[in-house]
Every structure is written in structure tokens, then in C-alpha cells.
Amino acid sequence: MKWTNSFIPTLKEDPAEAESLSHKLMIRAGLIRKLSAGTYNYLPLGTRVLNKVINIVREEMDGSGSLEVLLPALHPPEPWEQTGRLKDFGDIIFKIKDRSGKLNLLGPTHEEIITLLVSNEISSYRQLPVILYQIQTKFRDEIRPRFGVIRSKEFIMMDAYSFDIDEEGLEKSYRKMYKAYCRIFDRCGLSYHIIEADPGLMGGKGSHEFTCPSPAGEDLFIKCGNCNYSANPNFAPINEFGDKSSETPNSSLKPLKDILTPDKSSIEAVSKFLNVQPTEMVKTMVCRTPTGQIAVLLRGDHELNFAKLARLVSAPVVELSDEKTIEKVTGGAMGFSGPVGLSARGGPTGNIKIIADYSVLEMKNFVTGANKKDMHFLNVNINRDFKIDRSADVRIITEQDPCPSCGKRMLKIMTGIELGHIFKLGTKYSEALNACFLDEKGKRLPMIMGCYGIGVNRIIASAIENSYDENGIIWTNSIAPYQVIIISINPADKRIREVSEKLYQDLRANSIEVLWDDRDTSPGVKFKDADLLGIPLIVTVGKGLKDKVGGKVDIKYRSSGKKESIGVDKVLEHISSRVQGV
RNA sequence: CGGGGCGUAGCGCAGUCUGGCUUAGCGCGCCUGCCUUGGGAGCAGGAGGUCGCCAGUUCAAAUCUGGCCGCCCCGACCA
């Protein structure tokens, strides 16, 4: 492609609308332009990269034995009602009405639709297993789209779904996808972590996130510096009865005392006011479950992990109670809750359960709310001042905790971009939508499902977040929009034009993707744009042609910055050997 | 949805506090011509703006007031 025939609007300055690095560079290099918050136009260069990524995804999915399909983006609401997810997803789903007034959804994901399809068409164990995938636009009415294409309202997803006759089959399908995902991200040149994760709204029991570390990421994960264990903090168990840093060695139990704390309701405010550390305080969080209210006790500096709590009490969702309920349960104002006296109000072991995080067990003489406005207790102690129903691991892991896998205290909390997520679903959807098969004995059984998603647009943003310098993007060969860019220093010069043209045609004849910057503009502009675009090989045709020994052109490698001069007669072969085998 | 910020030419911004001194500016980009060609050249000429929208205050509004819309950031939320 000749630059003068293309449409590559580059910008000298950072756009005001962009904050994250990949977002700025994608706009500056002419890959994308915003249409509205959370929707983007892909320009020719961006589309080329997108297609490169899609091709890699498709090759690897096909290679894994999965079959490509294409499902509608427009969904009837009924299957979503059947699985309960119309309600669970809530406002995330775009809802539109057709001319007859019937509700339609824009698909945010396709478990329901694919399960319905398979349920109608597959009925025998002989037809299983099967893995179907598609590469298609998804719609999600995000609360806050951000970071350009990293979180947008409309995005391209590769979503795959496996159907098996038993758990063993699911395990095999899951491994296949796991491996295919690794190959896809490897080929795209991304660094990524594979993280044990919580299935969340998808349901099921077991999932892994593929996350690219980046400051523009919204996902937190923990990583062990010793054994490489990675997990979502919401998922990581804390295999320890307490945290040694909070031990109060041998201190005798001091007498319980109340103290006025006017308007000091947060841990931070009380900590300052009473001059005690948050680690010496216990916070009491009143939570609502389908079966009743729970008071959860946590050390002041810890955070409640709702997912763990939900699993503990076998509830689908656990939420914080509202202010009125809290006042009813504790008899005091919100922000001044505490465990002391709860027994009289239905605590152990009446209808209000008290659950203490393990770390609270080792605490002595701590501070809690007094269930009275503007009042706290000092020197509170378990068993002496109140009883608990049970202790458990219900908090979010911190960097100070031991690794769940190796036990060493070398955890780091990192941020990353979630590139892909794979789930073992089980029978949640097949049961709800009646996707069953007959086994060899003629017994009717629900199919065992897995689902697997990749954010295709996020691969592009992540690749840039992974690889750039102060001058622009540095593409890896496999997803670069072009392999080679030819800069003609002065296209009006006859010799330069002829040599450039011949090289351009020769490269094309050899199926090498080449962009020829044939613009009549000053050399600096072309060098800057070439760096900004990040094309791996930059070939400059200019004064090197006057070399005494014979005409030469210059090659610069974008990633290393290394330069070399090559004779005009050898340059085609030279470039071919660099570009092949990518 | 709560908090904060922004909206002036294709892009980046000044002007708004203190209404009139502007025919609404600057840099980049764009168009024409000349010139130049190894790291965002130079000279000359030129095009391009309902100052987000609506209403109000005023002799007078980019500037003050009210409402609305859009965009960005933080939070909550989210596969």
C-alpha cells in the first residue's frame, strides 16, 4: 500500500480524551477514532491489526478441533429468562423493542443461545463432545466504559462453548481450550499470567483468567514471587489461622470500657481519634443472606470477601445490609456496630449469626463499636465479652499474607488486563434449557458445559501496553499492520523513486506486507510516523544510493533500534529472510 | 448512580474569574505557489468557528444565571 493512497491520520500530540498509553497510541497512530463513549471506529490500520489477531485466534481454535459458527447478536428474551440471567445481568444488557413491541436483547454473551441450539440439534452421546466457537460483536451497557477499547460498550469477542457427556470429557475440553489460549497469546507476543479465578455470574466451579499485566488494567491479581502461583484476590484462600503480625504477646485481658467517639464511624476516623492502629480494631459488617442476617467480624485493616462468605453460607449472593436493617439488628446506629450484646438480640446461636474471620481469633483487647451512636468499646475480647457462631476465612488476601500454594510471604498484588477467561460451567445452562443427550444405556442426561472467551480488541491494546517506547508502538511481527515500511526520502528524485518502486513491487510479489511512504514531505515527518506506527522493519531509500561501492538502502529494526546498510541488489533477499518464519 | 473536571476551527490550547477594548485568538494540521529533502524545514498567500444546546439577565454574553446534552477521571458496579 502506498501511503498516498491510504488513510492513516496520525497525530503529533496526545489526544485530550485518552489517559492510558495504549489508548493514546491507538489514536495517534491512526488505528481508531472514537464515535461515542465506549464505541470506536477502526481505521484501515487498526482493521488490519484486528484481522491479524482474528486470524491467529481462528487458526488456533480450528487447530484445537473447535468448529466455527455465527450466532445472532439479536436475542429473544425467553432463554435469558429461563436461566435467570436477564435479571442477574440487569442493566448491562441492552434492551430494544421491535416494531410489534416485543422485547429483544443485544447479546452480551451467548451461553443461552448456543445451549438452545445444541439442545435442539444434538441428542445422542454419539454426537458429543463438540466445541463450537464464534468471533462476533458483543454488546454490554457498561456503567463506565474506559481506556479506549479496553472496556467498551461494543466489542469483538471470541466465545467458545464445549459440550461433553461427563466431567472427564469437560476436563479434556477445558485443557484443549487452555492450551489453545496459551498458543493464541504466545503468537500475539503477549506476556500474560494464568490466574485461578472465581466464576462469578457465569456459574460453575473452576475458572482461569488470562491476564496481561499493565497499569491500564482493571483486574487485580496476586502473584507469588516464590512459586509463581497466581490468583484473583477474591478467590485466593488464606491458609492460616490468623496473621502473626497482629499478635499481642501475653498481654492480660484488660477490663471492658466504653468511650465516646462523637461522629467517628469509620475505621480511619476512630483510629485517629483514639490513637489506635486499625490492626487493633475489629469491624463488624452486617450482611444479608437469603437465610438471614450475619454479623461478620474482621480486623480493621482487612476487607470482607463477599465471594468467600457466599460460598461459606451456601448463598448465591451476599450483600451488605441497608442502614435500617443494621439498626434493627444491632440496636445502634450504622458505623457503631459491634459484637458485644448481640447475643441478647438473637446472636449465638439465635437467628443472627456471628462469623469471625480467622485473623480476629488471635486479637486481644481490641476496639469495636458499642451498638450505640457515638460510642465504642475498648479492650473487647472474644468469649469473655461475646461469643461467635464460627470462624472462617472470609477476607480478601493481602500482600502480607502467606502464599496459598507455597506458604512463603512473597505475594504481590498486580493490575492487569483480562484477555480471556475460561470456565467449567457444568450443567447450569444445560439443565435450565433442557440440553440433554441419551447415553449408551438410553439414559437422559444434561450435557456438561464449558465456556471460553477472549476479548479480541483487548489483545491489541495489551500488545501496545506490553511493547512501546517514547516514539510509539513496537509491534510484534505476527500482528503488525505491515511487515515493512519503505521511506523514500525524496520521492521526486528519480533514482530514489525507481529503487523504492522496484523494492515495493518486489516485496509485494513475495507476499510481504509493505507500506510505502511515498509522501512528498520532509524526512523527519516520515521517520517520526514510521516509529509511531511501529512497523517492525523500516527501510530508508535515500542518500545511501550514492554509495561508491554500489547503491545501498538502510534498514532499521523498530524493536531493537539496530540499523544496517544493505546493497540494493541484496535487499529483497535480506528482508525476506527476516520476515519469514514469523 | 455519587464525587471531581472539561466542552472555543480537524487536533492541542488561550481568552471566561473582572460582560464592551477581538471583525473570537495562538500552535499544529489543511489548501495554493516558491523553495527544501537522512529525524516533526523555510517564505508568501489562503480556507476553516451557530464559542456544546436551549432559555434567561443586560444597551451589550464565549464571558453572568438556570436547565439540558456530551466527554474524561475517581468511586460504586462489572464477564
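Reminder, nothing fancy here: chain letters follow the sequence lines and each chain counts from 1.
Remark: P of B:G38 and CD of A:E564 are 21 Å apart, rounded to the nearest angstrom. For the pair A:I489 CD1 and B:A41 C1', the computed distance is 13 Å after rounding to whole Å.
Comparing the same atom, P, in B:G66 and in B:C26 gives a spacing of 33 Å after rounding to whole Å. B:C71 and B:U65 are spaced 24 Å apart, taking the C1' atom of each and rounding to whole Å. To the nearest whole angstrom, the two C1' atoms, one in B:U57 and one in B:G2, are 32 Å apart. B:G75 sits 39 Å from B:G27 when the P atoms are compared, rounded to a whole Å. B:G29 sits 13 Å from B:A47 when the C1' atoms are compared, rounded to a whole Å.
Residues passing the side chain to side chain donor-acceptor pair (under 3.5 Å) test with A:W80 are A:H75, sequence neighbours excluded. Applying the ring-ring contact (aromatic ring centres under 6.0 Å, His included) test to A:F155 and every residue at least two apart in sequence or in another chain returns nothing. Checked against ring-ring contact (aromatic ring centres under 6.0 Å, His included), A:Y452 has no partners two or more places apart in sequence or in another chain. In this view, A:E418 and A:H421 satisfy the side chain to side chain donor-acceptor pair (under 3.5 Å) rule, not counting sequence neighbours. Every residue meeting the ring-ring contact (aromatic ring centres under 6.0 Å, His included) condition with A:W516, not counting sequence neighbours, appears here in chain and number order: A:Y504. Under the ring-ring contact (aromatic ring centres under 6.0 Å, His included) criterion, A:F210 pairs with A:Y178, A:Y181, A:F185, not counting sequence neighbours. Applying the side chain to side chain donor-acceptor pair (under 3.5 Å) criterion to A:S559, with sequence neighbours excluded, gives no partner residue.
Among pairs with a residue in residues 70-81 of chain A, those fulfilling salt bridge (Lys or Arg N to Asp or Glu O under 4.0 Å) read A:E78-A:K102, at least two apart in sequence or across chains.
Nucleic acid contact class of A:G542 (heavy atoms, under 4.0 Å, all strands): base. Residue contacts shown for A:K34 are limited to sugar-phosphate atoms, with no base heavy atom under 4.0 Å away. No contact: A:R519 has no heavy atom under 4.0 Å from any strand. As judged by a 4.0 angstrom heavy-atom cut-off over every strand, A:F155 is placed among the base-contacting residues. A:K556 comes within 4.0 angstrom of a nucleotide base, judged by non-hydrogen atoms across all strands. Using a 4.0 Å heavy-atom cutoff across all strands shown, A:T521 reaches at least one base atom of the nucleic acid.
When distances run from any side-chain atom of A:F423 to the nucleotides B:A79, B:U37, B:C74, the shortest one goes to B:A79. In this structure, the nucleotide among B:C71, B:G29, B:A79 sitting nearest to the side chain of A:A37 is B:C71. Side-chain atoms of A:V525 lie closest to B:G40 of the nucleotides B:G40, B:C72, B:G38. Of the listed nucleotides (B:G38, B:C71, B:C1), B:C71 has the atom at the smallest distance from the side chain of A:S36. The side chain of A:I92 lies closest to B:C78, out of B:U37, B:C78, B:G75.
Look at A:R144 and you'll find a side-chain N or O under 4.0 angstrom from OP1 or OP2 of B:C74.
A donor N or O paired with an acceptor N or O is not found under 3.5 Å between the base of B:A79 and the side-chain atoms of A:E111. Residue-to-nucleotide contacts include a donor-acceptor pair under 3.5 Å from the side chain of A:D554 to the base of B:G38. Applying the 3.5 Å distance criterion, the base of B:C78 shares a donor-acceptor pair with the side chain of A:R151.
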Hey, can you pull the donor-acceptor pairs under 3.5 Å for the side chains in residues 530-537 of chain A, sequence neighbours left out?
residue : atom : partner : partner atom : Å
A:D531  : OD1  : A:K556  : NZ           : 3.0
A:D531  : OD2  : A:K556  : NZ           : 3.4

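Ranked by how close their nearest RNA chain B nucleotide is to the 5' end, A:G544 and A:L35 are led by A:G544. Each of A:E142 and A:T10 was assigned the nucleotide of RNA chain B with the nearest heavy atom; the assignment lying further toward the 5' end belongs to A:T10.
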Return the polar atom pairs (N/O with N/O) between nucleotides 30-33 of chain B and the protein under 3.5 Å, or none.
none

Nucleotides 47-49 of chain B: which of its N/O atoms have a protein N/O under 3.5 Å away?
none

Enumerate all atom pairs, one protein N or O and one N or O from nucleotides 10-13 of chain B, separated by less than 3.5 Å.
residue : atom : partner : partner atom : Å
B:G12   : OP1  : A:A16   : N            : 3.0
B:G12   : O2'  : A:E13   : OE2          : 3.3

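With a cut-off of 3.5 Å on both pairing distances, the Watson-Crick or G-U wobble partner of B:U65 is B:A55.
Remark: A:N5 CG is packed, more than 12 non-hydrogen atoms of other residues, nucleotides or ligands lying under 6.0 Å away. No more than 12 heavy atoms of other residues, nucleotides or ligands sit less than 6.0 Å from atom NZ of A:K570. Counting non-hydrogen atoms of neighbouring residues, nucleotides and ligands closer than 6.0 angstrom, the CD atom of A:Q293 exceeds 12 such neighbours.
Under 4.0 Å is where a charged nitrogen must lie from a carboxylate oxygen, and between A:R146 and A:E218 at least one such pair does.
Ring geometry for A:H193 against A:F221 counts as tilted: the plane angle lies between 30° and 60°, on a 0 to 90° scale.
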